[in-house]
Amino acid sequence: MCGCWGWHRSSERRSQGKVSLGLSRGAGMLSIQWIREAPDEVRAMLERRGTTAPVDAVLERDAERRTILTEVEHLKADRNQAGKAIGKAKDQAERESLIGTQREVAGRIDALDERLRAVEAELHALVSQFPNRLHADTPTGSGEADNQVVRSIGLPRAFDFEPKPHWEIGESLRILEIERATAMAGSRMFALRGQGARLQRALINHLLEQNEEAGYESWYLPNLVREEAMFASGQLPKFRDNLYRDAEEDYFLVPTAEVPLTSLHRDEILDGAVLPLRYTAHTPCFRREKMSAGRDVRGIKRVHQFEKVEIYQFTTPEGSASALEEMIAHAEGLLAGLGLTYRVLQLCSADIGFSAALSFDLEVWAPGAAEWLEVSSISNCLDFQARRANIRYRPEEGKSTSFVHTLNGSSFGMTRVFAAILETYQRQDGGVDIPDVLQHRMGRLMQIEAPTAAGTSA
RNA sequence: GGAGGGGUGGCCGAGUGGUUGAAGGCGGCAGUCUUGAAAACUGUUAGGCGCGCAAGUGUCUCGGGGGUUCGAAUCCCUCCCCCUCCGCCA
């Protein structure tokens with residue numbers, strides 16, 4: 001059973017936009033109580049994020065909802081009393097009289113219920129637009145430039161030749177085929193060939209297994225999901241424009257494994273003893289990138305389809321802070337293991353994601369293009385997604401339930417790690433060395449060599 | 001794709017319009033008994049939303065939503081999910 005009022009496709013689409021009565025459980029998103037009780041804090045949060053959301057409209061709808069609710073519930077209490085009396089009444093005339101009275105009450109209840117449904121639908125639509133609250137540790141900033149470098153690990157490799165960007169290396173090694181891919185599928189598409197395809201496969205397996213060793217359980221997940229899943233993790237309703245959708249079946253293609261991972265325990269009450277749950281999954285990621293038209297068009301830095309390995313945790317509220325540290329440290333270890341130069345950025349209030357309260361980005365140095373590539377964003381979402389997905393836990397037998405905290409992070413986006421590896425490990429002769437940790441996954445191959453003139457007509 | 005059968009509380013399972021939020025059983029918890037345990041017995045055992053300082057109280061939930069009715073787990077519509085047979089298929 002789903003507790004997100006009004007968000008079922010059945011209620012949203014099949015039933016012409018009607019929603020159920022009653023705000024249940026998480027009420028999807030930010031706690032309405034918080035908006036009700038501390039609207040100024042909410043406004044301050046929105047200000048820090050550099051965004052807006054309809055605080056006043058929420059307050060109005062919320063007040064209206066509770067007024068109607070009080071009235072209609074009194075009427076229903078009367079109705080329930082009368083219903084019992086009718087059931088017991090032996091005398092026919094008495095029965096008729098009671099039923100006559102109730103007929104009138106029923107009409108009033110219907111009218112109020114209808115109004116209530118409308119108000120709740122509006123309230124839900126409004127509150128859905130609010131981003132997560134910010135963690136106290138998230139610094140205030142006004143844009144990407146205000147993200148703070150927490151630490152930088154490794155020195156950029158020094159070259160005694162002019163390093164090339166990954167698209168040139170990939171094309172000349174015939175392991176990256178952009179033209180052929182775009183010919184069939186449009187811009188921002190690519191194909192990997194031969195050792196390129198093997199290298200990506202090796203990376204994915206390496207990362208998944210490293211995650212497993214660190215205690216993250218593997219999952220294979222749906223890559224097509226319903227609207228509710230997109231709502232749960234926060235992609236909908238605000239970021240519909242960035243999602244691919246199958247119009248006929250009404251499925252969405254996942255933009256990240258975070259989406260199906262969040263929905264794994266939807267509507268569940270977990271036993272506190274099982275937390276934290278550590279999960280990892282590899283999925284393709286599909287993104288329309290409508291918002292970034294014209295940006296990062298070269299190479300495979302920003303594409304419509306790429307592979308990503310994700311790490312994810314469901315924790316108690318007390319456990320999420322250390323879980324975030326743990327995930328960052330783990331992901332850093334993976335980058336170090338690949339021999340890449342990287343830095344850790346703390347995202348400021350204006351650059352942090354919709355669902356996140358506290359986030360750190362991992363960026364690797366790509367010496368060919370001479371830029372930092374974001375390969376991971378690791379976030380503590382607190383109870384924001386748990387509310388939307390209605391995921392709770394019971395600390396102890398007999399205790400009442402609370403929402404879990406969720407954390408997600410990439411480990412990593414393959415295209416960018418792939419690009420960084422090509423650029424970091426390139427040689428003057430055009431070949432690319434394979435990082436030590438991946439060699440055994442590529443048949444002990446130690447480098448990808450430039451193709452010889454013969455036998456390369458295709 | 002065609003035809004049919006199902007979805008009730010942690011689990012099993014009753015219940016076809018009126019004290020049914022829901023019998024009974026199992027499991028869980030507490031207690032009695034016992035040196036202790038088991039057995040037996042007794043009690044207890046869902047989650048939202050609203051009002052309330054609280055105690056408490058009202059309301060909603062029998063896959064989801066809507067409808068009929070004074071009143072729905074029970075009748076109708078619709079969606080989702082599970083199962084069986086046929087067809088197709090990696």
Side-chain angles (χ1 to χ4, degrees), chain A residues 1-29 31-33 36-37 61-121 123-124 127 222 224-229 231 248-251 263 266-274 383 386-404:
Chain A
M1 182 177 72
C2 170
C4 289
W5 46 283
W7 193 258
H8 311 272
R9 49 201 291 246
S10 55
S11 58
E12 201 212 29
R13 297 193 318 117
R14 301 292 187 315
S15 305
Q16 291 82 48
K18 292 177 181 171
V19 295
S20 62
L21 286 172
L23 298 185
S24 62
R25 297 183 262 277
M29 66 288 306
S31 154
I32 287 185
Q33 275 186 359
R36 182 192 301 155
E37 289 165 11
R61 297 288 96 154
D62 179 53
E64 187 176 358
R65 166 177 180 264
R66 284 181 296 148
T67 302
I68 298 170
L69 201 57
T70 302
E71 186 178 355
V72 75
E73 287 190 352
H74 278 121
L75 289 175
K76 284 181 178 175
D78 291 346
R79 180 186 70 187
N80 290 345
Q81 287 293 104
K84 286 176 187 171
I86 292 169
K88 283 185 200 160
K90 298 278 195 295
D91 181 65
Q92 200 56 24
E94 186 192 345
R95 259 182 99 91
E96 288 305 323
S97 157
L98 284 166
I99 289 174
T101 310
Q102 285 313 109
R103 231 185 280 273
E104 185 203 330
V105 173
R108 292 169 61 197
I109 290 174
D110 280 350
L112 285 169
D113 269 350
E114 198 174 325
R115 180 71 193 132
L116 187 59
R117 264 198 295 276
V119 170
E120 292 193 339
L123 186 55
H124 176 263
V127 180
L224 291 171
V225 300
R226 293 219 183 93
E227 200 162 19
E228 298 94 294
F231 180 82
E248 193 165 335
E249 301 290 346
D250 206 18
Y251 285 123
S263 284
R266 190 187 179 88
D267 292 320
E268 289 186 34
I269 298 175
L270 301 166
D271 178 353
V274 308
D383 63 358
R387 286 178 184 279
R388 294 169 87 98
N390 188 32
I391 306 165
R392 290 166 292 164
Y393 77 104
R394 197 183 298 282
E396 280 178 56
E397 182 82 26
K399 289 269 178 69
S400 63
T401 61
S402 303
F403 289 108
V404 299

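Here the structure is a predicted model, which means the values were calculated and not measured. Each chain gets a letter, A, B and so on, in the order its sequence line appears, and its residues count up from 1.
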Original post:
Which base, if any, makes a Watson-Crick or G-U wobble pair with B:A40, both distances under 3.5 Å?
Top reply: B:U32
Subject >> Partner residues of A:R66 under the side-chain contact (heavy atoms from CB on, under 4.5 Å) criterion, sequence neighbours left out >> reply: A:R36, A:D62
Original post:
What residues form a side-chain contact (heavy atoms from CB on, under 4.5 Å) with A:E268, not counting sequence neighbours?
Top reply: A:H265, A:L270
Original post:
Under a 3.5 Å cut-off for both distances, is B:G50 Watson-Crick or wobble paired, and to whom?
Top reply: B:U57
Original post:
Among the nucleotides B:G47, B:C80, B:G71, which one has an atom lying closest to any side-chain atom of A:I269?
Top reply: B:G47
**OP:** Would you indicate what A:R36 reaches in the nucleic acid, counting non-hydrogen atoms under 4.0 angstrom: base, sugar-phosphate, or nothing?
**Re:** sugar-phosphate
**OP:** Report the distance from atom CZ of A:R394 to atom P of B:G28, rounded to the nearest whole Å.
**Re:** 16 Å
Subject >> From CD1 (A:I269) to CD1 (A:I391), nearest 0.5 Å >> reply: 12.0 Å
Subject >> Identified pairing partner of B:A90, criterion: Watson-Crick or G-U wobble below 3.5 Å >> reply: none
Original post:
Now, which nucleotide makes the Watson-Crick or G-U wobble pair with B:U74, with each of the two distances under 3.5 Å?
Top reply: none
Original post:
Side-chain N or O of A:R66 less than 4.0 angstrom from OP1 or OP2 on B:C51?
Top reply: yes
**OP:** Can you sort out the partners of A:R115 under side-chain hydrogen bond (donor to acceptor under 3.5 Å, both in side chains), two or more places apart, ordered by chain and number?
**Re:** A:E64
Original post:
Given B:G66, is OP1 or OP2 found less than 4.0 Å from the side-chain N or O atoms of A:R117?
Top reply: yes
**OP:** Taking all heavy atoms of A:L112 and all of A:I68, pick out the closest pair and write down the distance.
**Re:** O-CG2, 3.8 Å
**OP:** Would you check if the side chain of A:T67 reaches a backbone N or O of A:A63 as a donor-acceptor pair within less than 3.5 Å?
**Re:** yes
Original post:
What nucleic acid atoms does A:T401 come within less than 4.0 Å of, heavy atoms only: base, sugar-phosphate, or nothing?
Top reply: sugar-phosphate
Original post:
Who pairs with A:N80 by side-chain contact (heavy atoms from CB on, under 4.5 Å), at least two apart in sequence or on another chain?
Top reply: none
Original post:
For B:G27, which nucleotide in any strand shown is its Watson-Crick or wobble partner with both distances under 3.5 Å?
Top reply: B:U45
Original post:
So which nucleotide does B:U20 pair with, by the Watson-Crick or G-U wobble rule with both distances under 3.5 Å?
Top reply: none
N/O-N/O pairs, protein side and nucleotides 17-20 of chain B side, under 3.5 Å:
| residue | atom | partner | partner atom | Å |
| --- | --- | --- | --- | --- |
| B:G18 | O6 | A:R95 | NH2 | 2.6 |

Subject >> Any strand: nucleotide that pairs with B:C85 via Watson-Crick or wobble, under 3.5 Å >> reply: B:G2
Could you run down the sub-3.5 Å N/O contacts of the protein with nucleotides 52-59 of chain B?
| residue | atom | partner | partner atom | Å |
| --- | --- | --- | --- | --- |
| B:G58 | O2' | A:E73 | O | 3.4 |
| B:G58 | N2 | A:E73 | OE1 | 2.7 |
| B:G58 | N2 | A:E73 | OE2 | 3.3 |
| B:G58 | N3 | A:E73 | OE1 | 3.4 |
| B:U59 | OP1 | A:N80 | ND2 | 3.0 |

